[in-house]
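First the proteins, then the strands, lettered A, B, ... as listed; each starts at 1. Heavy atoms only: backbone and side chains are in, while hydrogens, waters and symmetry mates are out.
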Amino acid sequence: MAKNLTTRENDYSRWYNDLVIQADLADNSGVRGCMIVKPYGFAIWERIQQELDSRFKETGHVNAYFPLFIPKSHFSKEADHVEGFAKECAVVTHYRLKNNPNGSGIIVDEDAKLEEELIVRPTSETIIWDTYKKWVQSYRDLPIMVNQWANVVRWEMRTRLFLRTSEFLWQEGHTAHATEKEAIFESQQMIDVYGDFVEEYMAIPVIRGTKSSNERFAGALETFCIETLMQDGKALQAGTSHFLGQNFAKAFDVKFQDKDGGMKFVWGTSWGVSTRLMGALIMTHSDDNGLVLPPKLAPIQVVIIPIYRGEKEFEELDPVALKVLKELKASGIRVKYDNRDTHKPGWKFNEYELKGVPLRIALGPRDLEKGTAEVARRDTLSKELVKLKDLSDHIKSNLSEIQVQLYAKAKKSLDANINPADDWESFESALDKGGFVSAHWDGTSETENKIKEMTKATIRCIPIENKKISGSCILTGKPSKERVLFARAY
RNA sequence: CGGGAAGUGGCGCAGGUGGUAGCGCACCUGGUUUGGGACCAGGGGGUCGCAGGUUCAAAUCCUGUCUUCCCGACCA
């Protein structure tokens with residue numbers, strides 16, 4: 001049992017906070033709402049980046065980099081967009097500091113006021129569309145399929161490590177197309193890329209859907225999303241992809257001459273996932289002993305821990321451990337041999353459990369005699385004696401089994417927590433139980449707002465694979481074409 | 001941004017009627033240990049979040065400010 005880790009039952013939110021810090025993923029910094037991503041946490045993020053990046057490249061995208069600062073005038077061009085982000089923008093107004101004449105330190109130099117203030121990007125649509133204007137003349141210049149890995153800033157009032165921070169890391173894809181059909185295809189394709197990645201790689205089951213107009217991205221015509229459910233029954237948006245129509249093209253005057261000779265506005269998309277995925281990862285699989293990582297994502301998949309008394313025993317063990325290490329490495333497994341003499345085996349067991357390493361191999365004198373190793377699984381906390389000659393195969397099959405089982409477990413929990421409700425009373429009690437509530441909605445913003453006021457629940461998504469069975473709205477009784485998913489969300 | 005709580009060695013906390021800081025864990029040294037967070041002995045480390053103020057004297061009292069946590073408002 002992990003020391004000092006609050007149990008989930010006791011206080012889920014505190015469990016999460018403790019875990020992030022104790023597993024060495026991230027820490028708070030001296031700046032409100034900004035986090036320090038520690039090496040172990042960043043290693044996981046790098047694995048997310050690596051895999052996503054290659055999937056982006058496979059689907060025809062290239063990486064580029066746009067500036068952190070956005071001129072205020074660019075930012076104000078698309079009305080809905082401004083409306084959506086204005087309240088959470090950091091603004092740069094000066095470019096110089098000076099010594100305070102009264103000797104009390106450093107102050108802003110009022111003489112160095114910027115003529116045009118700069119916004120720290122909350123997202124990059126505006127500066128990118130301002131740029132695309134210069135890149136696009138002809139249909140031959142399209143499509144543009146650009147992604148960037150960057151940090152963004154949204155001045156949040158209430159923050160939590162990974163889930164909502166004022167500065168966070170993400171990728172944002174921005175594409176421009178000649179036709180509406182192409183742009184819609186792109187935004188749908190990317191939500192599938194996200195969905196497949198999150199399910200296959202992070203072992204987190206998702207629901208693919210579209211957003212209601214209330215929850216839609218500021219400036220988009222349609223927002224596709226993947227929604228997940230955490231162990232405490234709250235929903236978490238894990239990724240979004242937006243069909244922007246011609247909104248940004250019109251705002252930034254991005255036109256091209258088509259084959260027919262006519263001038264047309266281009267069609268756009270944007271899509272992103274952020275370090276919030278780390279939060280989803282932590283809250284989907286982990287337990288009261290600490291982090292649980294799916295093997296495909298774990299920076300360390302297997303740790304080898306030697307158990308010995310005195311130098312003699314270590315001398316005998318070490319070559320065997322090294323041989324196992326070499327063998328596992330050779331078959332492409334990310335393995336660490338922790339031969340530090342500064343910590344006892346029991347200490348290491350707990351440490352790697354807290355950090356979610358999927359498999360642990362313990363090698364001691366008893367194993368040496370019998371030609372075995374003890375293999376322990378992080379997800380089930382079970383142990384097994386395995387013959388050394390079978391070890392490599394055993395580890396490989398264990399890793400893929402863990403990956404499959406983590407997903408299956410999370411999927412089962414997701415499915416078990418989608419509850420239908422057909423009247424207001426059962427709607428409310430279903431929300432209180434946690435999870436998604438599948439209910440009819442009359443399709444209006446007003447009704448969604450009222451429901452939000454009354455229950456704190458929002459429409460998380462309109463599932464893509466929805467059966468179009470009509471009914472009547474849970475609140476107003478007006479006709480509804482299909483059920484949507486409500487939940488209280490992060 | 002409102003309401004509440006808190007900030008004291010790396011971590012968790014005590015001290016608070018003002019008199020210059022202590023405990024547990026961690027750390028360092030030596031020894032014994034090592035199959036689920038070892039033990040003994042010795043040792044190092046803190047301008048008490050920061051800035052002002054009251055006072056002969058401030059961790060302690062006052063004011064401001066920053067950060068964190070909880071609740072709310074806000075949030076794609």
Touch class at under 4.0 angstrom, heavy-atom based, for [X] against every strand present:
X      : answer
A:G33  : sugar-phosphate
A:E374 : base
A:R340 : nothing

Does the side chain of [X] get closer than 4.0 angstrom to OP1 or OP2 of [N] through an N or O atom?
X      : N      : value
A:R32  : B:rU67 : yes
A:K383 : B:rG36 : no
A:K344 : B:rG37 : no
A:R160 : B:rU68 : no
A:R309 : B:rU34 : yes
A:S29  : B:rU67 : no
A:N17  : B:rU68 : no

Taking the cut-offs as 6.0 angstrom to the six-membered ring centre and 45 degrees off its axis, would you call A:K211 and A:F224 a cation-pi pair?
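Negative - A:K211 is either too far from the ring of A:F224 or too far off its axis.
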A:R360 to A:F349 six-membered ring, cation-pi geometry met (6.0 Å, 45°)
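Here A:R360 passes the 6.0 Å and 45° test against A:F349.
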Pairwise [atom1] distance for [N] and [M], with rounding to whole Å:
N      : M      : atom1 : result
B:rC40 : B:rG4  : P     : 46 Å
B:rG49 : B:rG9  : P     : 7 Å
B:rC61 : B:rU54 : C1'   : 8 Å
B:rU17 : B:rA73 : P     : 38 Å
B:rU20 : B:rC48 : C1'   : 11 Å
B:rG72 : B:rA59 : P     : 38 Å
B:rG10 : B:rG53 : P     : 27 Å
B:rU60 : B:rG45 : C1'   : 23 Å

When A:V292 is tested against each of A:T284, A:L406, A:I402 for side chain to side chain contact (heavy atoms under 4.5 Å, CB included), which residue passes?
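The side chain to side chain contact (heavy atoms under 4.5 Å, CB included) with A:V292 is passed solely by A:L406 among A:T284, A:L406, A:I402.
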Apply the side chain to side chain contact (heavy atoms under 4.5 Å, CB included) test between A:E199 and each candidate in A:T228, A:V206, A:I226; give the one that qualifies.
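With A:E199 as partner, A:T228, A:V206, A:I226 yield a single side chain to side chain contact (heavy atoms under 4.5 Å, CB included), made by A:V206.
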Can you measure [X] atom [atom1] to [N] atom [atom2] for me and round it to whole angstrom units?
X      : N      : atom1 : atom2 : result
A:Y490 : B:rC74 : OH    : C1'   : 18 Å
A:E156 : B:rC75 : CD    : P     : 10 Å
A:F314 : B:rG35 : CZ    : P     : 15 Å
A:R158 : B:rG3  : CZ    : P     : 15 Å
A:K456 : B:rC74 : NZ    : P     : 11 Å
A:D338 : B:rU34 : CG    : C1'   : 13 Å
A:R378 : B:rG36 : CZ    : C1'   : 13 Å
A:E351 : B:rA26 : CD    : P     : 13 Å

Which nucleotide in the list B:rA73, B:rC69, B:rG35 gets nearest to the side chain of A:N28?
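So the side chain of A:N28 is nearest to B:rC69.
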Counting only side-chain heavy atoms from C-beta out, which of B:rG37, B:rG35, B:rC71 sits nearest to A:N350?
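Among B:rG37, B:rG35, B:rC71, the one nearest the side chain of A:N350 is B:rG37.
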Give the intermediate values and the outcome of side-chain hydrogen bond (donor to acceptor under 3.5 Å, both in side chains) for residues A:N17 and A:Y12.
CA-CA 9 Å; A:N17 294 339; A:Y12 192 82; over 6 Å; no
Considering heavy-atom distances to RNA chain B, does A:V31 or A:N214 have its closest nucleotide positioned more toward the 5' end?
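First, find each residue's nearest nucleotide; the 5'-ward one identifies A:V31.
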Both A:S13 and A:H343 contact RNA chain B. Taking the nearest nucleotide for each, which residue is further toward the 5' end?
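Looking at the nearest nucleotide for each, A:H343 comes out on the 5' side.
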Worked check of salt bridge (Lys or Arg N to Asp or Glu O under 4.0 Å) between A:K98 and A:E110
CA-CA 9 Å; A:K98 64 177 182 184; A:E110 291 298 337; over 6 Å; no
Both distances below 3.5 Å, Watson-Crick or wobble geometry, any strand: find the nucleotide opposite [N].
N      : result
B:rG7  : B:rC66
B:rU29 : B:rA41
B:rA21 : none
B:rA59 : none
B:rG46 : none

First locate atom CG of A:L52, then atom CZ of A:R55, and finally report the distance between them rounded to the nearest 0.5 Å.
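One gets 7.5 Å once the value is rounded to the nearest 0.5 Å.
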For the rings on A:F56 and A:W271, is their centre-to-centre separation under 6.0 Å?
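Yes, close enough.
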Can you confirm if the aromatic rings of A:F66 and A:H174 lie within a centre distance of less than 6.0 Å?
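So the answer is no for these two rings.
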Any idea how A:Y308 and A:F314 line up, ring-wise: parallel (<30°), tilted (30 to 60°), or perpendicular (>60°)?
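Tilted.
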Residues in contact with RNA chain B, drawn from residues 80-90 of chain A - heavy-atom cutoff 4.0 Å:
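Hits under 4.0 Å, by residue number: A:G84, A:F85, A:K87, A:E88.
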